[in-house]
There are 2 protein chains.
Amino acid sequence: MSNLAPLRRSTLVEDVYERVKALVMEHTLAPGERVNIDALARELEVSATPVREAMARLESDGLVRKRPLAGYTVSPLLSRQEFTDMFDMRVVLEGAAARWAATRASAEARAAISAEAETVAPLDSSDGRRSHAAFTAVDARFHDLIADTAANPLLRDSIHRLHAHLHIHRLYFPYAQTGTTGEEHRRISAAIAAGDPDGAEAAMRAHLDAARSRHLPAFD
Amino acid sequence: MSNLAPLRRSTLVEDVYERVKALVMEHTLAPGERVNIDALARELEVSATPVREAMARLESDGLVRKRPLAGYTVSPLLSRQEFTDMFDMRVVLEGAAARWAATRASAEARAAISAEAETVAPLDSSDGRRSHAAFTAVDARFHDLIADTAANPLLRDSIHRLHAHLHIHRLYFPYAQTGTTGEEHRRISAAIAAGDPDGAEAAMRAHLDAARSRHLPAFD
DNA sequence: TCAAGCAATATCCTATAGGATCCACGATCC
DNA sequence: GGATCGTGGATCCTATAGGATATTGCTTGA
């Protein structure tokens with residue numbers, strides 16, 4: 001009976017960080033909006049001190065910006081240039097992740113990726129259509145799974161950071177085409193399952209280039 | 001007369017962050033060492049509050065680790081595996097940086113990179129030999145310059161973060177061979193100057209692989 | 001009507017204090 | 001002798017208060 005989870009006794013800072021991060025991710029706190037620390041502290045029923053510390057961490061994540069002596073604001077939406085830069089980074093990082101996943105993944109991991117690639121977003125109960133939120137959730141899980149499988153913590157964290165920003169952007173432009181995402185995912189997954197690093201990287205790069213093209217019209 | 005620097009009125013948190021970061025980078029605070037917040041606050045002649053906020057930022061940088069309710073410790077030295085992972089990341093990120101620098105750099109930037117590649121570490125005044133510190137400083141400037149030239153803020157920040165950890169490691173193993181570093185740098189610079197993205201990326205990857213090989217014996 | 005200057009308010013930033021938790025050391029028991 | 005338990009001290013974490021700064025709105029003048 002070893003290797004138990006470290007039993008996280010939480011501090012308020014931790015909880016506040018998670019809560020505020022969620023507020024930003026679900027755009028209850030909108031991009032560009034000012035964040036009043038005192039008001040936020042009252043809302044969460046804590047004092048300002050742990051809130052300030054949590055905000056410092058969020059700033060390092062790039063989710064909020066700080067102006068000294070003038071408070072925090074939620075990071076504004078990505079400009080077209082920033083969005084392009086982000087996808088350039090994704091191509092580089094996730095391309096490498098796919099490559100390494102193809103060489104390093106365990107049999108279980110390959111199976112998990114294949115399963116995720118076959119997953120189809122569930123139908124929305126209200127209107128019977130596939131919701132945008134459900135689609136992005138499936139997409140995010142697929143990409144995060146590959147990032148995890150690449151077995152490089154630095155790479156994994158970098159990719160996760162980028163995905164947070166992508167998630168925020170998607171919430172504001174929920175009309176991007178789904179296109180051939182499913183098929184592209186299956187191609188990536190097939191290459192990883194086959195242990196083909198070149199093919200996996202190429203498929204991932206192609207997928208991300210296509211995804212970028214699907215998103216770019218939102219900036220017109 | 002526009003475009004003046006925003007005139008950073010600093011807050012204590014900013015100053016403390018820079019000071020503590022320097023303490024870690026120059027290993028006045030040694031890897032693995034516990035960081036007593038109250039003692040550090042007394043030392044810097046400030047209260048614990050801004051120190052805590054600065055530590056939260058340093059944790060996001062990976063320079064310190066936090067155990068809830070048990071304080072901060074300076075991040076331990078990289079294991080062999082972590083060191084290898086870091087260089088895997090460098091190959092990916094800096095390879096892309098070299099590629100983009102080759103296509104996007106202005107004439108001035110190309111000249112600056114070439115000049116930096118020709119720079120030789122100054123001789124130490126005391127013993128007349130090239131000091132390890134001087135060599136690493138020149139090396140760091142060359143790589144940072146390319147990262148800046150790639151014109152992607154996300155990429156630049158990611159590379160800078162990695163370099164901080166590399167710097168700490170180097171201070172503890174100051175006997176790594178210099179080898180053919182100078183020549184490798186000149187090869188990278190030549191490809192960038194020539195606007196050859198494939199060549200620049202290949203040269204950077206070769207350089208980093210060689211550098212990793214020069215460092216790895218430190219773990220034996 | 002618009003710009004500039006000033007006052008009042010809101011907000012941020014830091015210091016301090018006290019409760020909560022962990023760590024080290026010694027005592028006790030097997 | 002070695003392990004377990006309990007206590008004292010150190011340290012962390014949070015709340016609160018007050019000084020410092022930015023922002024807002026109004027007034028004044030051109």
Side-chain angles (χ1 to χ4, degrees), chain A residues 1-2 4-21 23-24 28-61 63-76, chain B residues 1-2 4-21 23-24 28-61 63-76:
Chain A
M1 188 178 119
S2 62
L4 287 180
L7 178 50
R8 32 176 312 157
R9 7 185 123 297
S10 69
T11 61
L12 272 187
V13 175
E14 283 286 332
D15 295 342
V16 170
Y17 171 80
E18 296 295 346
R19 284 287 291 277
V20 178
K21 181 171 184 175
L23 291 179
V24 173
T28 302
L29 286 172
E33 192 174 333
R34 296 202 56 216
V35 178
N36 184 322
I37 291 186
D38 288 337
L40 190 56
R42 278 195 303 275
E43 194 79 20
L44 299 175
E45 296 182 332
V46 298
S47 80
T49 308
V51 174
R52 295 191 56 77
E53 204 173 316
M55 294 302 290
R57 290 184 52 186
L58 287 169
E59 194 205 3
S60 293
D61 294 341
L63 294 181
V64 301
R65 278 164 160 51
K66 171 180 178 166
R67 235 180 348 153
L69 303 183
Y72 290 92
T73 58
V74 179
S75 294
Chain B
M1 191 177 120
S2 63
L4 287 180
L7 178 51
R8 28 180 316 154
R9 7 183 127 294
S10 67
T11 61
L12 272 187
V13 175
E14 283 284 333
D15 295 341
V16 170
Y17 171 79
E18 296 295 345
R19 286 286 290 277
V20 177
K21 181 170 183 176
L23 291 178
V24 174
T28 302
L29 286 173
E33 192 173 333
R34 295 202 60 219
V35 179
N36 184 323
I37 290 185
D38 288 337
L40 190 55
R42 277 195 304 274
E43 194 79 20
L44 298 175
E45 296 182 331
V46 297
S47 79
T49 309
V51 173
R52 293 190 58 76
E53 205 173 315
M55 294 302 289
R57 291 184 51 188
L58 287 169
E59 193 204 4
S60 292
D61 294 340
L63 295 181
V64 301
R65 279 165 162 46
K66 171 180 178 165
R67 236 181 346 154
L69 303 182
Y72 290 92
T73 58
V74 180
S75 294

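As the structure is a prediction and not an experimental result, all values here were calculated from the model. These numbers come from the heavy atoms of this one structure, side chains and all, not from hydrogens, waters or symmetry mates.
Here A/Glu18 does not pair with A/Arg57 in a salt bridge; the nearest charged N to carboxylate O distance is not below 4.0 Å.
Between the CG atom in A/Leu63 and the CG atom in A/Leu58 there is a gap of 6.0 Å [rounded to 0.5 Å]. Note that CZ of A/Arg19 and CD of A/Glu14 are 14.5 Å apart. Values are rounded to the nearest 0.5 Å.
With hydrogens and angles ignored, the 3.5 Å screen pairs no side-chain donor or acceptor of A/Arg42 with any backbone N or O of A/Ile37.
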Would you tabulate the pairs of protein nitrogen or oxygen atoms and nucleotide nitrogen or oxygen atoms of nucleotides 11-15 of chain C closer than 3.5 angstrom?
| from | atom 1 | to | atom 2 | distance (Å) |
| --- | --- | --- | --- | --- |
| C/dT11 | OP1 | A/Asn36 | ND2 | 2.9 |
| C/dT11 | O5' | A/Asn36 | ND2 | 3.1 |
| C/dC12 | OP1 | A/Val35 | O | 3.2 |
| C/dC12 | OP1 | A/Ile37 | N | 3.3 |
| C/dC12 | OP2 | A/Asn36 | OD1 | 3.4 |
| C/dC12 | OP2 | A/Ile37 | N | 3.3 |
| C/dC13 | OP1 | A/Leu69 | N | 2.7 |
| C/dC13 | OP2 | A/Arg52 | NH1 | 2.8 |
| C/dC13 | OP2 | A/Arg52 | NH2 | 2.8 |
| C/dT14 | OP1 | B/Leu12 | N | 2.2 |
| C/dA15 | OP2 | B/Ser47 | N | 2.6 |
| C/dA15 | OP2 | B/Ser47 | OG | 2.6 |
| C/dA15 | N7 | B/Thr49 | OG1 | 3.1 |

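With sequence neighbours excluded, the residues forming a salt bridge (charged side-chain N to carboxylate O under 4.0 Å, His left out) with A/Lys66 are B/Glu53, listed by chain and number.
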